[in-house]
Enquirer: 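The structure that follows is given in the form of structure tokens.
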Amino acid sequence: MSNYLEILMIIVALLLVIVIWSLSSVLAMMAKKVVEQAKNAKKILMIIVIASSSLFANNIEAQDAVADSTSAAPIINYGGMSSTGFWTMGTVIALELLVVLLLVLFIKGLWKSLHPVAQVEAEKKMSSSWLMTTWKKLDKQFFTKAAPIEQEADIMLDHDYDGIKELDNALPPWWKYGFYITIVVAVFYLLKFEVWKTGQDQLQEYTTEMTEAKAQTDAYLAAMKENVDEKTVVMADAAGITAGKELFAKTCVACHMSNGEGGVGPNLTDDYWIHGGSINDVFKTIKYGYPDKGMQSWSSTYSPVQIQQIASYIKSLRGTNPPNAKAPQGDLYSELAIVDSTQVAKMDSVSTK
Ligand code: HEC
């Protein structure tokens with residue numbers, strides 16, 4: 001049942017069943033009425049003959065149409081259905097359509113016999129004249145207010161331009177009242193912008209909007225700043241590095257010593273790193289830690305921005321060669337590999353010599 005065409009065909013077939021069911025109940029109801037109304041059996045017979053003859057004529061057309069639609073659009077793979085499945089469903093739907101057509105024709109035939117021509121015409125006339133009078137009333141009240149054609153002679157002006165004459169019709173009410181409203185609005189507008197000066201002109205509006213927008217951007221950027229993580233982190237500025245230094249002195253010196261030369265923890269000033277030496281790596285190490293190796297996670301102690309500052313401070317220690325430095329641990333980390341690929345190419349050629 002994963003095939004869309006199949007599902008669609010089944011749904012169409014089911015819907016048609018519902019249509020057939022409702023049409024046939026309508027037909028049944030009407031047939032009952034006809035039998036009640038019919039004074040003699042002859043009439044019913046005639047109706048059936050008329051209905052079925054018109055049905056026959058339409059029937060052939062319908063069959064032609066079905067044949068046309070299938071031959072006109074060549075279906076190569078039946079939309080993923082098996083050919084038997086496709087044709088079975090197609091036949092079912094075609095048959096159902098035929099039955100619907102049949103029912104509609106029968107209903108039409110019965111309807112005609114139930115509503116003789118004269119009566120139908122009279123009903124039509126009545127509904128249309130009701131519509132007309134309503135429209136005329138509305139038209140007169142709200143739209144054109146034009147004088148009826150019979151009275152046009154009374155309102156004809158004596159203007160005559162090469163045979164083109166002018167009627168003195170009233171202004172369309174909707175237009176006229178719209179115009180009055182603009183006059184009222186204009187008074188308030190004038191007072192607000194020119195007398196009381198409480199409204200903002202274009203320039204003032206622009207400035208207000210720009211100020212609001214700036215406040216929003218600032219708030220957004222401030223929120224985003226707090227959002228740094230190991231993927232987005234970049235080096236902090238000088239002030240950030242100083243702040244990082246203070247934090248480092250407070251909590252990290254116990255194990256990494258005051259100049260980052262290393263103690264319990266590794267030397268943070270050389271080019272060798274156990275967990276990677278990029279700003280992202282260092283940030284990640286501080287954020288998550290390696291608790292089983294003696295380096296805890298600091299994410300509950302410091303905010304992302306503070307971790308960024310500490311990581312930046314550590315990165316700034318590179319190559320400071322403090323006294324009593326601990327021996328390198330981990331792998332040689334090269335910043336060049338990330339910063340500049342042309343330099344890496346040079347390095348490679350040097351190392352292969
Ligand atoms: C209790 C001791 C201790 C404290 C306090 C401590 N660290 Fe560590 N740190 C370690 C140890 C041990 C390691 C080595 C972990 C390993 O071998 O995987 C380490 C590793 C690191 C590394 C990774 C070094 C590398 O070579 O990859 C960084 C970066 C680091 N610490 C930063 C900090 C910062 C920043 C602080 C303060 C917020 C801090 N540490 C506080 C013990 C500590």
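One-based numbering, in listed order, for ligands and for the atoms of each.
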Enquirer: Verify the cluster assignment for Val17 and Leu8: are they in a single hydrophobic cluster under the rule of side-chain heavy atoms below 4.5 Å apart?
Expert: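 Different clusters.
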
Enquirer: Among protein heavy atoms, which sits nearest to atom 5 (C) of ligand 1, and what does the distance come to when rounded to 0.1 Å?
Expert: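 Minimum-distance protein heavy atom for atom 5 (C) of ligand 1 reads Thr251 O, 3.5 Å.
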
Enquirer: So, using salt bridge (charged side-chain N to carboxylate O under 4.0 Å, His left out) as the criterion, who are the partners of Lys315 when residues are at least two apart?
Expert: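 By the salt bridge (charged side-chain N to carboxylate O under 4.0 Å, His left out) rule, Lys315 matches Glu335.
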
Enquirer: Can you count the protein N/O/S atoms lying under 2.8 Å from atom 8 (Fe) of ligand 1, leaving waters out?
Expert: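 The number of such protein atoms is 2.
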
Enquirer: When you measure from the side chain of Asn169 to the backbone N and O of Ala147, does any donor-acceptor pair fall under 3.5 Å?
Expert: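 Such a contact is found between Asn169 side chain and Ala147 backbone.
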
Enquirer: Do you know which of Leu98, Val99, Val92 makes side chain to side chain contact (heavy atoms under 4.5 Å, CB included) with Glu96?
Expert: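 One option only clears the test, and that one is Val92.
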
Enquirer: Counting only heavy atoms closer than 4.0 Å, does ligand 1 sit against the backbone of Trp298, its side chain, both, or neither?
Expert: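 It is the side chain that gets close, since no backbone atom is under 4.0 Å.
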
Enquirer: Which of these, Leu247, Ile274, Leu268, has its nearest heavy atom closest to atom 26 (O) of ligand 1?
Expert: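 When every heavy atom of Leu247, Ile274, Leu268 is considered, Ile274 comes closest to atom 26 (O) of ligand 1.
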
Enquirer: Return the CD to NZ distance between Glu212 and Lys214, rounded to the nearest 0.5 Å.
Expert: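 That separation rounds to 13.5 Å.
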
Enquirer: Have a look at ligand 1 and work out which part of Ile314, if any, has a heavy atom under 4.0 Å from it: side chain, backbone, both or neither.
Expert: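 Contact part for Ile314 vs ligand 1: side chain (C-beta onward).
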
Enquirer: With heavy atoms of Ile310 as the reference, note each atom of ligand 1 found under 4.0 Å away.
Expert: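 Near Ile310, meaning under 4.0 Å from one of its heavy atoms, ligand 1 has 35 (C).
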
Enquirer: Is there a path of hydrophobic side-chain contacts, each under 4.5 Å between heavy atoms of I, L, V, M, F, W or Y residues, that connects Ile241 with Val282?
Expert: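 Result: yes, single cluster for both.
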
Enquirer: Side-chain atoms of residues 301-308: list all donor-acceptor pairs with protein atoms under 3.5 Å, sequence neighbours left out, distances to 0.1 Å.
Expert:
{"residue": "Tyr302", "atom": "OH", "partner": "Thr251", "partner atom": "OG1", "Å": "2.6"}
{"residue": "Ser303", "atom": "OG", "partner": "Val305", "partner atom": "N", "Å": "3.4"}
{"residue": "Ser303", "atom": "OG", "partner": "Gln306", "partner atom": "N", "Å": "3.2"}
{"residue": "Gln306", "atom": "OE1", "partner": "Ser303", "partner atom": "N", "Å": "3.0"}
{"residue": "Gln308", "atom": "NE2", "partner": "Val234", "partner atom": "O", "Å": "2.8"}

Enquirer: Return the residue, atom name and 0.1 Å-rounded distance of the protein heavy atom closest to atom 12 (C) of ligand 1.
Expert: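 Answer for atom 12 (C) of ligand 1: Lys293 O, 3.2 Å.
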
Enquirer: Just to confirm my output: which protein heavy-atom neighbour is closest to atom 27 (O) of ligand 1, and how far is it?
Expert: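 For this ligand atom, the closest protein heavy atom is His275 N, 2.8 Å.
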
Enquirer: Could you tell me whether the side chain of Leu103 reaches within less than 4.5 Å of the side chain of Ile20, counting heavy atoms only?
Expert: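 With C-beta onward as the side chain, the pair touches.
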
Enquirer: Going by side-chain contact (heavy atoms from CB on, under 4.5 Å), name the residues that satisfy it together with Leu191, two or more places apart in sequence or in a different chain.
Expert: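 side-chain contact (heavy atoms from CB on, under 4.5 Å) list for Leu191, sorted by chain: Val187, Val195, Trp196.
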
